Amino acid sequence: MQTVFDRGVDQSLIAEALAPAVFGSMWLDPDVVGPRPHFPPLSGATNCDLLVVGGGYTGLWTALHAAERNPGAAVVLIEAERLGWAASGRNGGFVDASLTHGTVNGKSRWPNEFDELERLGMANLDGMQADIASHAMNVDWERTGMLTVATEPHQAEWLRDMADGGEGDFLDREAVRAEVNSPTYQAGLFAPDTCATVHPARLVFELARVCAERGVRIHERTAARALERGSTGVKVTTARGTIAAQRVVLATNVFPSLLRRNRLYTVPVYDYVLATEPLTDAQLQRIGWQGRQGVGDSANQFHYYRLSADNRILWGGYDAVYFLGRRVDPRYEDRPDSFRKLAAHFFITFPQLADVRFTHRWAGPIDTNTRFCAHWGLAGRGRIAYVNGFTGLGVAAARFAGDVCLDLLEGRPTERTELEMVRRKPLPFPPEPLAGIGIQATRWSLDRADHNAGRRNLLLRTLDRLGLGFDS
Ligand SMILES: Cc1cc2nc3c(=O)[nH]c(=O)nc-3n(C[C@H](O)[C@H](O)[C@H](O)COP(=O)(O)OP(=O)(O)OC[C@H]3O[C@@H](n4cnc5c(N)ncnc54)[C@H](O)[C@@H]3O)c2cc1C
């Protein structure tokens with residue numbers, strides 16, 4: 001069975017549309033975002049109450065909230081490259097309240113505490129909005145909601161079931177096309193309050209500004225090479241210095257964990273993205289989108305897309321590629337096949353935009369675990385906290401994750417640390433080549449299901465029963 005995305009698209013249109021696309025995140029392009037802050041590398045020896053390793057959202061929210069919880073504390077944040085150069089500067093900027101990678105995943109894993117997780121997720125999203133407002137962060141925050149669209153008849157039924165379950169308002173074909181005009185849409189589900197969009201890189205830069213204003217010492221180009229646990233603290237070695245820290249938070253996402261035992265819990269899965277030139281008013285009028293919602297389609301292999309403040313369309317997803325060997329490697333990022341596929345799917349979705357060109361193409365590894373949402377842990381006799389596994393939905397969850405890390409280090413129970421989701425770890429992935437073989441078989445099965453009215457084969461049903469899986 002074919003899906004709507006198997007339709008042919010003129011190859012010369014794809015080549016022409018991709019020709020101007022430079023490689024690199026549009027959000028981090030200085031010509032688009034303007035100048036960015038710089039922080040000096042660490043050299044020499046220093047000490048602190050809290051060391052945060054990693055300068056993405058998780059590290060920055062952790063450092064900011066640590067400084068706010070204990071205004072006199074010495075907080076240091078080190079980043080191996082530049083702040084936000086990794087996932088936090090490359091993502092779609094969908095800020096979703098869900099801490100569990102959606103309702104189905106959350107309800108099936110934690111049926112007894114799911115309502116609590118939803119409440120905490122909404123409180124986290126509202127808290128993020130409040131933090132952004134109170135610190136006057138200029139991050140293009142738009143609380144415009146999430147529009148999930150069905151491009152196949154069976155997906156329309158899924159959306160109807162989701163609406164019946166209270167996840168949003170069901171929109172029939174005409175109603176969804178009145179919002180965003182694509183001939184591929186069969187139905188939609190609109191959730192007005194659970195999702196915002198943000199400028200991902202500006203969020204990094206503004207978090208860094210506020211951290212620095214609160215006294216956090218930030219060092220870029222300062223990679224932690226080793227951790228040494230002592231009875232009174234943790235010694236962290238970098239290329240040109242050492243840091244003696246009372247407590248440490250590891251916010252290193254998909255990169256090899258400084259704790260070896262943590263490495264089997266996640267695998268890097270590559271996600272690919274395109275961005276268009278700013279649409280003219282006339283081009284935007286052809287597709288509507290006056291509500292500026294974040295949009296995602298509903299297949300296992302899904303696209304996500306949104307408008308930027310200057311009306312570019314960010315268009316990402318679909319291919320979620322795992323490369324045998326589990327490595328994070330920049331050579332996986334410039335993948336012409338994935339970009340051509342994305343461009344083709346863009347023109348299938350919006351044939352009215354055949355005159356629009358892409359200006360940027362990029363990719364990033366997603367820190368994927370077997371339960372599709374963050375897991376935490378403590379090491380070094382309670383002095384080191386870590387979080388990993390956001391699995392493609394970490395923009396809002398990173399803020400919650402930082403709070404959990406701080407709670408864990410404080411050592412007193414909170415409503416967050418009492419959650420089963422926080423106390424329990426997922427199953428690790430097996431070592432290679434088993435992980436690679438299993439993941440490729442799962443990807444193939446998910447593609448088959450998308451081509452077979454969503455019907456899941458034996459492998460997927462077995463993984464569902466075991467609570468295991470693969471996602472981006
Ligand atoms: C293409 C793409 C699209 C995405 N879209 C969305 C989306 O729309 N919505 C959503 O919710 N999520 C999305 N995500 C996921 C989201 O971006 C991440 O979950 C989130 O940014 C994770 O933040 P982080 O701070 O944990 O990780 P990162 O931003 O990866 O930061 C980790 C940092 O740690 C540093 N580091 C690692 N090791 C060391 C070391 N030894 N010493 C010092 N520093 C170190 C790294 O250099 C890196 O800067 C997307 C991800 C990708 C790749």
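Given the structure is predicted, the values throughout are model-derived calculations rather than measurements. Starting from 1, each residue takes its place in the sequence as its number. In listed order, ligands and their atoms are each counted from 1.
- Of all atoms in ligand 1, listed by their number and element, those nearer than 4.0 Å to a heavy atom of T222 are 43 (C).
- When each of T266, L264, N262 is tested with S257 by the rule side chain to side chain contact (heavy atoms under 4.5 Å, CB included), just one qualifies, namely N262.
- Shortest contact from atom 30 (O) of ligand 1 to any protein heavy atom: N253 ND2, 3.0 Å.
- Among the atoms of G394, some N or O lies under 3.5 angstrom from an N or O of ligand 1.
- Distance from atom 43 (C) of ligand 1 to its nearest protein heavy atom, with residue and atom name: A80 N, 3.3 Å.
- Under a 4.0 Å heavy-atom criterion, Y304 is in contact with ligand 1.
- Atom 35 (C) of ligand 1 has E79 OE1, 3.3 Å as its closest protein atom, hydrogens excluded (heavy atom only).
- Interface of A251 with ligand 1, defined as ligand atoms under 4.0 Å from a residue heavy atom, comprises 32 (C), 33 (C), 34 (O).
- Using a distance-only test at 3.5 Å, with no hydrogens or angles considered, a donor-acceptor pair links the side chain of S88 to the main chain of Y57.
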Before you tell me yes or no, could you show the steps for R312 and T359 under side chain to side chain donor-acceptor pair (under 3.5 Å), namely the whole-Å CA-CA distance, both residues' side-chain angles and the distance that decides it to 0.1 Å?
CA-CA 9 Å; R312 296 164 185 273; T359 55; 3.1 Å; yes
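- When only non-hydrogen protein atoms are considered, atom 36 (N) of ligand 1 lies nearest to T252 CG2, 3.9 Å.
- Atom NZ of K235 is surrounded by 12 or fewer heavy atoms from other residues, nucleotides or ligands within 6.0 Å.
- Nearest heavy atoms, Q301 versus D447: OE1-OD1, 2.6 Å.
- Within the 4.0 Å heavy-atom cutoff, V53 counts among the residues contacting ligand 1.
- Ranking protein heavy atoms by distance to atom 26 (O) of ligand 1, first place goes to T58 OG1, 2.7 Å.
- Aromatic rings of Y272 and F339 (six-membered ring for Trp) have centroids within the 6.0 Å cut-off, being under it.
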